[in-house]
Amino acid sequence: MLTLSPKESLILELLLRGDEHYGLQLVAASRRRLKRGTVYVTLGRMEGKGYISSRLEDAPSGEGGLPRRLYRPTALGRRVLRLWTEAAKDLMPEFAQ
């Protein structure tokens, strides 16, 4: 059974707004709805479900530092969000946007 938590829904919505994002970008874009301590746990769970995919970006040249992991929605993630949103509108029309 496919499920989508509120945090997962928010992450997919944020990822669908633009190109790839890394975890702290999602935290900033969420306006404090996502927390630094839990975003990566949620991203890992979502990747395991097949809702998102990730890749490591190239390491910054000359600056030292580690490469960041960038996330993007998969086709399954897009479908699940669309279906979940449609179901929520049907079940709770008063909350439809």
Side-chain angles (χ1 to χ4, degrees):
M1 177 178 187
L2 298 175
T3 61
L4 195 64
S5 74
K7 284 183 186 178
E8 291 171 340
S9 176
L10 174 59
I11 287 171
L12 283 171
E13 289 170 9
L14 293 171
L15 289 173
L16 288 170
R17 289 183 187 170
D19 205 12
E20 298 171 309
H21 290 78
Y22 58 93
L24 293 180
Q25 282 179 312
L26 293 169
V27 170
S30 75
R31 298 187 195 141
R32 298 186 182 194
R33 291 179 286 171
L34 297 172
K35 306 295 182 206
R36 292 176 67 152
T38 59
V39 70
Y40 291 103
V41 173
T42 305
L43 289 166
R45 183 175 58 243
M46 292 176 71
E47 195 163 17
K49 289 179 176 181
Y51 296 168
I52 61 172
S53 62
S54 69
R55 68 174 182 87
L56 283 176
E57 73 176 352
D58 296 331
S61 61
E63 299 176 17
L66 299 171
R68 296 178 290 200
R69 183 164 295 278
L70 297 166
Y71 298 89
R72 65 188 319 167
T74 62
L76 174 62
R78 287 183 181 92
R79 276 195 313 272
V80 168
L81 179 63
R82 181 177 47 81
L83 293 171
W84 202 262
T85 302
E86 289 172 6
K89 287 178 184 177
D90 289 344
L91 294 171
M92 299 178 293
E94 65 273 15
F95 295 112
Q97 296 178 343

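Listed by chain and residue number, nothing satisfies the side chain to side chain donor-acceptor pair (under 3.5 Å) test with R82 (two or more places apart in sequence, or in another chain). For E57, the salt bridge (charged side-chain N to carboxylate O under 4.0 Å, His left out) partners at least two apart in sequence or on another chain are R68. Among residues two or more places apart in sequence or in another chain, the side-chain contact (heavy atoms from CB on, under 4.5 Å) test is passed with L16 by P73, R78, L81. T42 is linked by a side-chain contact (heavy atoms from CB on, under 4.5 Å) to K7, E8, I11, R45, M46, counting only residues two or more places apart in sequence or in another chain. In this structure, the side chain to side chain donor-acceptor pair (under 3.5 Å) partners of E20, at least two apart in sequence or on a different chain, are R55. With sequence neighbours excluded, the residues that form a side chain to side chain donor-acceptor pair (under 3.5 Å) with S9 are E13.
Listed here is the closest heavy atom pair of G77 and L12: O-CD1, 3.6 Å.
Residue pairs that meet the salt bridge (charged side-chain N to carboxylate O under 4.0 Å, His left out) test with at least one member in residues 25-35, sequence neighbours left out, do not exist here.
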Begin from the C-alpha positions of L56 and L66 and carry the test side-chain contact (heavy atoms from CB on, under 4.5 Å) through to its verdict. CA-CA 10 Å; L56 283 176; L66 299 171; over 6 Å; no

Could you give me the CA-CA distance, side-chain angles and deciding distance for S54 and L43, then say whether side-chain contact (heavy atoms from CB on, under 4.5 Å) is met? CA-CA 9 Å; S54 69; L43 289 166; over 6 Å; no

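Considering L4, T74, T85 in turn, L4 is the only one that fulfils the side-chain contact (heavy atoms from CB on, under 4.5 Å) rule with V80.
Rounding to the nearest 0.5 angstrom, the gap separating the CD1 atom in I52 from the CG atom in L76 is 11.5 Å.
Checked by atom type and distance alone, the side chain of Q25 pairs as donor or acceptor with a backbone atom of Y22 at under 3.5 Å.
L26 and V41 are members of different hydrophobic clusters when ILVMFWY side chains are connected at heavy-atom separations under 4.5 Å.
Shown here is R72, whose CZ atom has no more than 12 heavy atoms of other residues, nucleotides or ligands within 6.0 Å.
Taking the side chain as every heavy atom from C-beta outward, Y40 and Y71 approach each other to under 4.5 Å.
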